[in-house]
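Contents: one structure, followed by commentary.
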Number of protein chains: 2
Amino acid sequence: MSATIKDIAKLAGVSHTTVSRALNNSPLIQEETKERIRIIAEQLDYTPNYNAKSLVLDRSYNLGLFFTTLSNGTSAGFFYEAIRGVNSVIRDRYQLIVKGIDDYTSFHSITKKSFDGIIIVSQSDDDGPIIEHIANKGIPLVVLNRPVDTAGVLNVLSDEEQGAFHAGAFLVNQGHKKIALIEGRKGFKSAQNRKDGFERAMEHYGILIPASYRMPGLYDLESGHQAMQQFLSLEERPTAVFCCNDEMALGAIKAVFEAGLQVPKDISVVGFDDTVFAAYVTPALTTVRRPIEQISKEGALRLLGNIENKLHATEQLLLRTELIVRESVQVLQA
Amino acid sequence: MSATIKDIAKLAGVSHTTVSRALNNSPLIQEETKERIRIIAEQLDYTPNYNAKSLVLDRSYNLGLFFTTLSNGTSAGFFYEAIRGVNSVIRDRYQLIVKGIDDYTSFHSITKKSFDGIIIVSQSDDDGPIIEHIANKGIPLVVLNRPVDTAGVLNVLSDEEQGAFHAGAFLVNQGHKKIALIEGRKGFKSAQNRKDGFERAMEHYGILIPASYRMPGLYDLESGHQAMQQFLSLEERPTAVFCCNDEMALGAIKAVFEAGLQVPKDISVVGFDDTVFAAYVTPALTTVRRPIEQISKEGALRLLGNIENKLHATEQLLLRTELIVRESVQVLQA
DNA sequence: AAGACTATTGTTAACGTGTGCATAGATGTG
DNA sequence: CACATCTATGCACACGTTAACAATAGTCTT
């Protein structure tokens, strides 16, 4: 089959050890011997057997990239950006193994031998157990997108509180005073953070949110739709609505049109996430963009650093979000 | 560190050979011995070292999923569906290694030892060399999404010719007779197939396409925009336009609005691909959906069959596309 | 010139697993 | 009872690589 270092050794008239050293550019080997061996290796189209290497070096050359789920729930754009980001960092140094956490029936097979490091793109609190498992096994780990405080686990995520603050501030700066909120799904950290940021903005500008201007939501189209219907039925309608994600924003916009009103003329809408479709809906959605690709890049970089330098700092990195202004917010005269 | 079969052997008072056989459920071992060994293995939290296994069994337990590019060009939805499809088939039998072909500086490291099989989601003719390389190395291979005729290579793709035929037929059936075409990018197989299918439909219904009703395109927004402007400037405007992909359709719709006209009232538009945003634009785009997830599932299934049964049939499987009727086509009175 | 040191290469074992062959005991057969 | 057969297990080696230690030859030191 394929050539091994022993084949090369025979042809070069040296021991296989010498070949191993030569190909790993060891300073022990004479330069001309190295060169001779390299040429023979080239001729034989030699490729090292990584399984053998892994076995003795105790490294797998594998990096795991785990998502909460692959089968449903993860948005395509999110998924794509995450893989892109990580891939751009590791290139040919590691193999990238993509998995859905919910595909595991047992974490048993996740060992130090099979993964040099793992990146978890976490989208749910249910990911706790696997994070624990990996941390216990002592596998270098970075968790993206969701705050985590397990010891020794790196953590990179976007500052959603700050993003929501900006979105709120933006509405105020455009002249809005009657601003309503459609909240995210209960129990999701992101829902809490976004709500907090928005509220902080309102507080900062001295704007009160009456109870009637708050509606719970489930992060889906339908709940956004219902919430907006509720707002529209009020005596005194809000002039702007901050939705904790784009999908609810879409539902909300739909409700506005159904009521014979216009976005943004009659009511302004802001979303969160900058989903793929946000730029394509009518009106194009003003929203908060999370720097997914940057997050995954930073995460991958930190993971590699951790693997190679064996640093084990628990460190949380918050990256700034960006407000993407499109067409769904109206400038109000004061 | 972690337990090995030798550790288990010591505790069980047997040789490591017996442990190996027991854990692989060999019929050579007594049932009670097996059970005893299994229990000890469980207690030690034993996980086989896959590197060692791979070395002796000459199998990697790795499946490669290669895209033409990860860094740009691949659409997020496409990417997501492909990974989902493959993942749903392999589950825990293999590790899924995701790569961009353009990340390889040399294919040298792609060997039979490191991949039990490879799935290429091909989006460009430039993928020829890597397909050749893999086929030469004798690695089981399936190419998705693009026709390929290398010997021994499985091939699964959607029947785009048929999809375009249906789209054309649909327009005719809605009463359209003046139908224009914006072509795909020259040199892309898909561009040819879609054009062929559309033309066959027109021919089938005895409809002529005047030269002025044909415009070249580049599969991007801008070229769709320009082409539509051209059509709108004609003395006798078409009532419907078939665009060889959604992005051009989007550009075309934009041009219609800019001219103060309406889609679909004044002019109908059909796209191809059912991109993520197709459902969200206004009007929602009628388009042809390629069964990406099904393609990748079928591809993965065939690959596994190939790996395990060592069948080596060159077989092409064409899967039917689906016409997604939304709001961008007007019904005309005859 | 003898010992110490350096540069280069070889010998051998190790990583963890699977397998062909040998072995020992049990069982069956005539 | 002698022999063949079967069952359950062990021994030794193999997979391809790296690395600790050994060995050799040449060079330097005093």
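Throughout, a chain's letter reflects where its sequence line sits, starting with A, and its residues are numbered from 1. Quick note: numbers below take in every heavy atom, side chains included, and nothing from hydrogens, waters or symmetry partners.
If you measure from atom OH of A:Tyr61 to atom P of D:dT17, you get 12 Å, rounded to the nearest angstrom. Atom-to-atom, CG of B:Leu28 to P of D:dT9 comes out at 10 Å; the value is rounded to the nearest Å. For the pair A:Lys6 NZ and D:dT17 C1', the computed distance is 9 Å after rounding to whole Å. Look at CD1 on B:Ile37: it is 8 Å from P on D:dG10, rounded to the nearest Å. Following rounding to the nearest Å, A:Gln30 (CD) and D:dA25 (P) show an atom-to-atom distance of 15 Å. Whole-Å rounding puts the A:Asp7 CG to D:dG16 C1' distance at 10 Å.
Residue-level contact check: B:Thr33 touches the backbone only, with heavy atoms under 4.0 Å from sugar-phosphate atoms and none from bases. Here B:Leu57 lies in heavy-atom contact (under 4.0 Å) with sugar-phosphate atoms only. Nucleic acid contact for B:Thr4: sugar-phosphate only, since backbone atoms but no base atoms lie under 4.0 Å from a heavy atom of the residue. Residue B:Asn24 is in sugar-phosphate contact alone, with no base atom involved, counting any heavy-atom pair closer than 4.0 Å across all strands shown. Residue A:Ser15 is in base contact, counting any heavy-atom pair closer than 4.0 Å across all strands shown. Heavy atoms of B:Tyr50 sit nowhere under 4.0 angstrom from any nucleic acid atom.
Put simply, CG on A:Leu63 and CG on A:Leu303 are 5.0 Å apart, with the number rounded to the nearest 0.5 Å. In this structure, CD1 in A:Ile139 is found 6.0 Å from OG1 in A:Thr111, a value given to the nearest 0.5 Å.
Contact between the side-chain N/O atoms of B:Thr18 and the OP1/OP2 oxygens of D:dT9 is not found at any separation under 4.0 Å.
Although no hydrogens or angles enter the test, the distance criterion places no donor-acceptor pair under 3.5 Å between the side chain of A:His16 and the main chain of A:Asp7.
Running 5' to 3' along DNA chain C, contacts with non-hydrogen atoms of chain B at under 4.0 Å begin and end at C:dG16 to C:dC21.
Each of B:Val56 and B:Ile29 has a nearest nucleotide on DNA chain D; the 5'-most of these lies closest to B:Ile29. Ranked by how close their nearest DNA chain C nucleotide is to the 5' end, B:Arg21 and B:Pro48 are led by B:Pro48. Nearest-nucleotide assignment on DNA chain D puts the 5′-proximal partner with B:Val19, out of B:Val19 and B:Leu55.
A salt bridge is defined here as a Lys NZ or Arg NE, NH1 or NH2 lying under 4.0 Å from an Asp or Glu carboxylate O, and A:Glu298 with A:Arg302 meets this definition.
Side-chain contact between B:Asn145 and B:Phe78: present, with at least one pair of heavy atoms (C-beta onward) separated by less than 4.5 Å.
Shown here for B:Asn155 and B:Pro147, the closest heavy-atom pair between the two residues is OD1-CA, 3.3 Å.
A donor-acceptor contact under 3.5 Å is formed by the side chain of B:Thr17 with the base of D:dA12.
Checking D:dT17, D:dA19, D:dC13 against the side-chain heavy atoms of B:His16 singles out D:dC13 as nearest.
Here the options are A:Arg146, A:Arg185, A:Lys189, the test is salt bridge (Lys or Arg N to Asp or Glu O under 4.0 Å), and the partner is A:Asp125; only A:Arg146 passes.
The local environment of NZ in A:Lys99 is crowded, with over 12 non-hydrogen atoms from other residues, nucleotides or ligands closer than 6.0 Å.
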